[in-house]
Number of protein chains: 2
Amino acid sequence: MAIDTRDRILDVAERMFGERGFPATSLRDITTEAGVNVASVNYHFGSKEALLAEVLERRLKPINERRLELLDAVEARAGDGPPELEAVVRAFLSPPFHSQRVWGEKGPGFLRLVGRIHSETNEEFRATFVKQFDAVFQRFTAALQRALPNLDDADVSWRMLFMVGSMAFTMSWGPTLVSRESGAARDPEDVLESLVLYAAAGMAAPVPAGVPAMAATGR
Amino acid sequence: MAIDTRDRILDVAERMFGERGFPATSLRDITTEAGVNVASVNYHFGSKEALLAEVLERRLKPINERRLELLDAVEARAGDGPPELEAVVRAFLSPPFHSQRVWGEKGPGFLRLVGRIHSETNEEFRATFVKQFDAVFQRFTAALQRALPNLDDADVSWRMLFMVGSMAFTMSWGPTLVSRESGAARDPEDVLESLVLYAAAGMAAPVPAGVPAMAATGR
DNA sequence: GTATGATTGAAACAAGCGTTTGAGCACAGG
DNA sequence: CCTGTGCTCAAACGCTTGTTTCAATCATAC
């Protein structure tokens, strides 16, 4: 009856984990909605947690690949010089926004999920999850350091955290904001654009006066 | 034997909700650690969800009061002119950072919790929670609009969302970042300073080229 | 057609959940 | 002294959880 049980489970799980969170979603919720048997989750994936891992990987892998692709292009264009800051930021931020066509009523489920992985899973799971980002983080950290030579490593790391925070939070709450304040309604594409400009400006902010690493001001 | 059962429950619940999340923390986890009986939660608070509400309110109320206090001072200083952007941003961001003396190994538990409220509770609860922020949001939105007259309302709203995202995410992951990369280690006070500069710069970013300030929203 | 291995189904499993119960304790005011 | 109130306790409530079991069914190769 089912086209493909595995995929149906993945789709429903992605949506429900995104909407309600991982611990708050039961396997019976998922399997009922997907029209499959409870046991099939453990048959196909092994456990609830393994299902979560697959849900995440399915979406995250293409996103991170796309990020690196875009960064490659930006760096190629820059040649030996420093890459353009805004382009680097855009290479990082845009793939998740494009990963789902619709910024639906509930938002891109799996990205809401990503935003709260760290709080809903145990330590080991979290570690293997973060590992998926390691390569991306290293590449972008290096690129940003070249684009912002007056920042020390610590500054770049913290500002990347700020940027990721804006992104994750926007994915989570954005749809709520859109539905609450009609004035704020916007295309996801416009929101992405706003976010890129915001993050690029923040990245280029002057370094704290009191704790200089080497240089004084930003752009 | 217990100094005050109520307070012990609140303290332990705050920490555990922060570390593991609301659904993943059982009342028995809390009461065992606190050295009190399971039934005392329902006796003192009525339900698990009511306990969460009180945990949040206990910390959030003073934080939001302090925010408004600081904003009052900033606006008084500005007189009839526009308030200083960085001061407004600082008034918003600093109280949570000061709400707990120590940026411990696990981070300020209750702020990690705040960051994911929306995903771990039902719709009604979320509504009453967001209400606590309404006054603060309105005041700060107004102040930012005066400090950034070239942005339209939608821009200000989105950029506030970006700012809150940076803050929440930093509270959550900051401690992780500090422990992973020794190079990034910093005082919470320094991190706050970085965040303020980052957010102020982001707020002041140019408006998107394609979307003029006065035009109606979507396309 | 029959055999084989992959998949599904209904049912049960033990464990844990939030909540309720009602007896018991401590200690005030009369 | 007794009574009333506030609180704690062990035990049990009914229910849901993730996981397992094992027979039934399916698709495919011989």
Side-chain angles (χ1 to χ4, degrees), chain A residues 1-56 58 113 116-117 119-126 128-129, chain B residues 1-57 113 116-117 119-126 128-129:
Chain A
M1 186 180 295
I3 318 174
D4 188 359
T5 303
R6 248 187 85 95
D7 287 342
R8 291 166 64 100
I9 294 173
L10 280 172
D11 288 340
V12 176
E14 173 179 311
R15 206 188 68 240
M16 287 200 166
F17 286 161
E19 287 171 11
R20 318 179 187 179
F22 176 68
T25 305
S26 76
L27 291 183
R28 284 172 180 82
D29 290 340
I30 296 171
T31 52
T32 301
E33 179 108 353
V36 303
N37 192 273
V38 217
S40 53
V41 169
N42 284 274
Y43 175 79
H44 284 287
F45 301 96
S47 71
K48 188 190 179 186
E49 203 171 69
L51 168 61
L52 171 62
E54 194 129 342
V55 164
L56 289 171
R58 184 173 66 145
L113 180 53
R116 56 172 176 272
I117 284 302
S119 62
E120 298 191 337
T121 54
N122 59 55
E123 201 75 35
E124 312 98 75
F125 185 92
R126 197 148 60 249
T128 68
F129 168 78
Chain B
M1 189 178 292
I3 317 175
D4 188 358
T5 303
R6 245 187 89 94
D7 287 342
R8 290 167 65 100
I9 294 174
L10 280 172
D11 288 339
V12 176
E14 174 180 309
R15 207 189 65 240
M16 288 200 165
F17 286 161
E19 286 170 11
R20 317 180 188 178
F22 176 69
T25 305
S26 76
L27 291 183
R28 285 172 179 81
D29 290 339
I30 297 171
T31 51
T32 301
E33 178 109 352
V36 303
N37 192 274
V38 219
S40 53
V41 169
N42 284 274
Y43 176 77
H44 284 287
F45 301 96
S47 72
K48 188 190 180 188
E49 203 171 70
L51 168 61
L52 171 63
E54 193 128 343
V55 163
L56 290 171
E57 170 139 356
L113 178 53
R116 57 173 175 273
I117 285 302
S119 62
E120 299 191 337
T121 53
N122 58 54
E123 201 76 36
E124 311 101 74
F125 184 91
R126 196 148 61 251
T128 67
F129 168 79

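The chains referred to below are lettered A, B, ... by the order of the sequence lines, with proteins before strands, and numbering in each begins at 1. Atoms considered below: every heavy atom in the structure, side chains included; atoms not considered: hydrogens, waters and symmetry mates.
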Chemist: In chain order, what residues pass the side chain to side chain contact (heavy atoms under 4.5 Å, CB included) check against A/Arg58, with sequence neighbours excluded?
Modeler: A/Leu10, A/Asp11, A/Glu14

Chemist: Find the distance A/Glu49:CD to D/dG18:P and express it as a whole number of Å.
Modeler: 12 Å

Chemist: Salt bridge (charged side-chain N to carboxylate O under 4.0 Å, His left out) with B/Glu57: which residues, sequence neighbours excluded?
Modeler: none

Chemist: Would you give me the side-chain donor-acceptor pairs under 3.5 Å for residues 24-31 of chain A, sequence neighbours excluded?
Modeler:
| residue | atom | partner | partner atom | Å |
| --- | --- | --- | --- | --- |
| A/Thr25 | OG1 | A/Met16 | O | 3.3 |
| A/Thr25 | OG1 | A/Gly21 | O | 2.7 |
| A/Ser26 | OG | A/Arg28 | N | 3.4 |
| A/Ser26 | OG | A/Asp29 | N | 3.0 |
| A/Ser26 | OG | A/Asp29 | OD1 | 3.3 |
| A/Ser26 | OG | A/Asp29 | OD2 | 3.2 |
| A/Asp29 | OD2 | A/Arg20 | NH1 | 3.0 |
| A/Asp29 | OD2 | A/Ser26 | N | 3.2 |
| A/Thr31 | OG1 | A/Leu27 | O | 2.9 |
| A/Thr31 | OG1 | A/Arg28 | O | 3.4 |

Chemist: Tell me the interatomic distance from A/Asp29, atom CG, to D/dC15, atom P, rounded to whole angstroms.
Modeler: 17 Å

Chemist: In whole Å, what is the span from the CG atom of A/Leu27 to the C1' atom of D/dC15?
Modeler: 17 Å

Chemist: Write down the atom of A/Ala13, the atom of A/Val55, and the distance for their closest heavy-atom approach.
Modeler: CB-CG2, 4.0 Å

Chemist: Starting at OH of A/Tyr43 and ending at C1' of D/dC22, how long is that distance when rounded to a whole Å?
Modeler: 14 Å

Chemist: Is the shortest side-chain N/O distance from A/Thr5 to OP1 or OP2 of C/dT8 below 4.0 Å?
Modeler: yes

Chemist: Counting only side-chain nitrogens and oxygens, does B/Ser26 get under 4.0 Å of the OP1 or OP2 atom of C/dC17?
Modeler: yes

Chemist: Heavy atoms only, 4.0 Å cut-off, all strands: where does B/Thr31 land among base, sugar-phosphate and nothing?
Modeler: nothing

Chemist: Please state how far atom CG in A/Asp7 lies from atom P in C/dT7, giving the value in whole angstrom units.
Modeler: 13 Å

Chemist: Given atom CZ of A/Arg8 and atom P of C/dT8, what is their separation to the nearest angstrom?
Modeler: 10 Å

Chemist: Could you list, one pair per line, each protein nitrogen or oxygen that sits under 3.5 Å from a nitrogen or oxygen of nucleotides 11-14 of chain C, together with the distance?
Modeler:
| residue | atom | partner | partner atom | Å |
| --- | --- | --- | --- | --- |
| C/dA12 | N6 | A/Arg28 | NH2 | 3.3 |

Chemist: Check A/Glu49 against A/Phe22 and note the closest heavy-atom contact, atom names and distance.
Modeler: CA-CZ, 4.0 Å

Chemist: For the residue pair A/Phe45 and A/Ile9, establish whether any side-chain heavy-atom pair is separated by less than 4.5 Å.
Modeler: yes

Chemist: Check the distance between D/dG18's C1' and A/Met16's CE and give it to me in whole angstrom.
Modeler: 17 Å

Chemist: Does some side-chain heavy atom of B/Phe17 sit less than 4.5 Å from a side-chain heavy atom of B/Leu51?
Modeler: yes

Chemist: For B/Thr32, give me all partners under side chain to side chain contact (heavy atoms under 4.5 Å, CB included), at least two apart in sequence or on another chain.
Modeler: none

Chemist: With a 4.0 Å cutoff (strictly under), does any side-chain N or O of B/His44 reach OP1 or OP2 of D/dT8?
Modeler: yes

Chemist: Distance check needed: C/dG18 C1' versus B/Lys48 NZ, whole Å only.
Modeler: 8 Å

Chemist: Roughly how bent is the helix from C/dG1-D/dC30 to C/dC27-D/dG4 end to end, in steps of 10 degrees, with each end axis from five pairs?
Modeler: 10°

Chemist: For B/Val36 and B/Ser40, which heavy atoms make the closest approach, and how far apart are they?
Modeler: CG2-OG, 3.5 Å

